[in-house]
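Working notes, beginning with the structure itself.
Owing to the predicted nature of the structure, the values given are computational and were not obtained by experimental measurement. Numbering of ligands and ligand atoms starts at 1, following listing order.
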Amino acid sequence: MNERRVVVVAGAVFDRGRLLAARRSAPEDLAGRWELPGGKLEPGESPEQALVRELREELGVETEPLARIPGEWVLKPGYVLQVWTARLLSGEPQPLEDHDALRWLAPHETDAVDWLDQDRPAVAEAARLLRES
Ligand code: DCM
């Protein structure tokens with residue numbers, strides 16, 4: 001068992017039938033690509049707590065995690081990405097940290113941005129959920 005891996009949690013944030021996409025401003029190799037916003041779990045946090053904290057810090061919004069999107073994606077050795085759907089409770093997302101643009105994507109627009117490769121499977125599932133809702 002290797003428990004030293006780092007878990008990164010990201011949110012497929014839904015509001016009014018749209019999915020939130022965030023454009024990274026750093027690091028250089030990821031800048032300009034779009035992601036589901038989130039970040040690393042801190043010691044003692046549940047994934048859901050980490051997600052709520054990261055979305056508050058990065059976007060200035062309050063969210064409620066809904067369900068895990070099945071699967072886990074390797075970001076780099078020792079780092080895995082887990083994704084939850086979440087709904088916006090309050091606030092209008094702002095690119096406060098790590099991002100320089102945000103977009104709310106309608107179901108027919110979910111392929112319109114250049115997603116990070118590692119986010120694509122979760123985005124595809126989030127888009128499917130969005131179209132069904
Ligand atoms: N990351 C990713 N996809 C996401 C969120 C984060 O690939 N939806 C990656 C980018 C970084 C690492 O996870 O390598 C940590 O993210 P951050 O820098 O936002 O804490």
Atom pair [atom1] ([X]) and [atom2] ([Y]), whose distance is rounded to the nearest 0.5 Å:
X      : Y     : atom1 : atom2 : answer
Trp104 : Leu19 : CH2   : CG    : 8.0 Å
Leu96  : Asp98 : CG    : CG    : 10.0 Å
Asp119 : Leu36 : CG    : CG    : 5.0 Å
His99  : Glu58 : NE2   : CD    : 5.0 Å

Nearest-neighbour protein heavy atom for [atom], which is reported as residue plus atom name and distance:
atom                    : answer
atom 12 (C) of ligand 1 : Val8 CG2, 4.1 Å
atom 9 (C) of ligand 1  : Leu75 CD1, 3.7 Å
atom 1 (N) of ligand 1  : Glu35 OE1, 3.9 Å
atom 7 (O) of ligand 1  : Gln118 NE2, 2.8 Å
atom 15 (C) of ligand 1 : Lys40 NZ, 3.9 Å
atom 3 (N) of ligand 1  : Asp119 OD1, 2.8 Å

In ligand 1, which numbered atoms sit nearer than 4.0 Å to a non-hydrogen atom of [X]?
X      : result
Gly38  : 19 (O)
Leu30  : 10 (C)
Leu116 : 2 (C), 3 (N), 7 (O)
Leu36  : 4 (C), 5 (C), 8 (N)
Ala10  : 8 (N)

Review point. At a 4.0 Å cut-off, with the gap strictly under it, does some heavy atom of Arg24 reach an atom of ligand 1?
Key: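 True for this residue.
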**Study point:** Test item: Leu88 and Thr63 side chains (from C-beta on) under 4.5 Å apart, heavy atoms
**Key:**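 Contact flag for Leu88/Thr63 side chains = yes.
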Check your understanding: Hey, is Arg33 close enough to Asp117 for a salt bridge, meaning N to O under 4.0 Å?
Key ->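 Here Arg33 pairs with Asp117 in a salt bridge, since their nearest N and O are under 4.0 Å apart.
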Check your understanding: Is Asp111 salt-bridged to Arg120, cutoff N-O under 4.0 Å?
Key ->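 A salt bridge is absent here (no side-chain N lies under 4.0 Å from a carboxylate O).
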Check your understanding: Judged by atom type as modelled, is there a donor-acceptor pair below 3.5 Å linking the side chain of Arg24 to the main-chain atoms of Ala26?
Key ->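 Checked: pair present.
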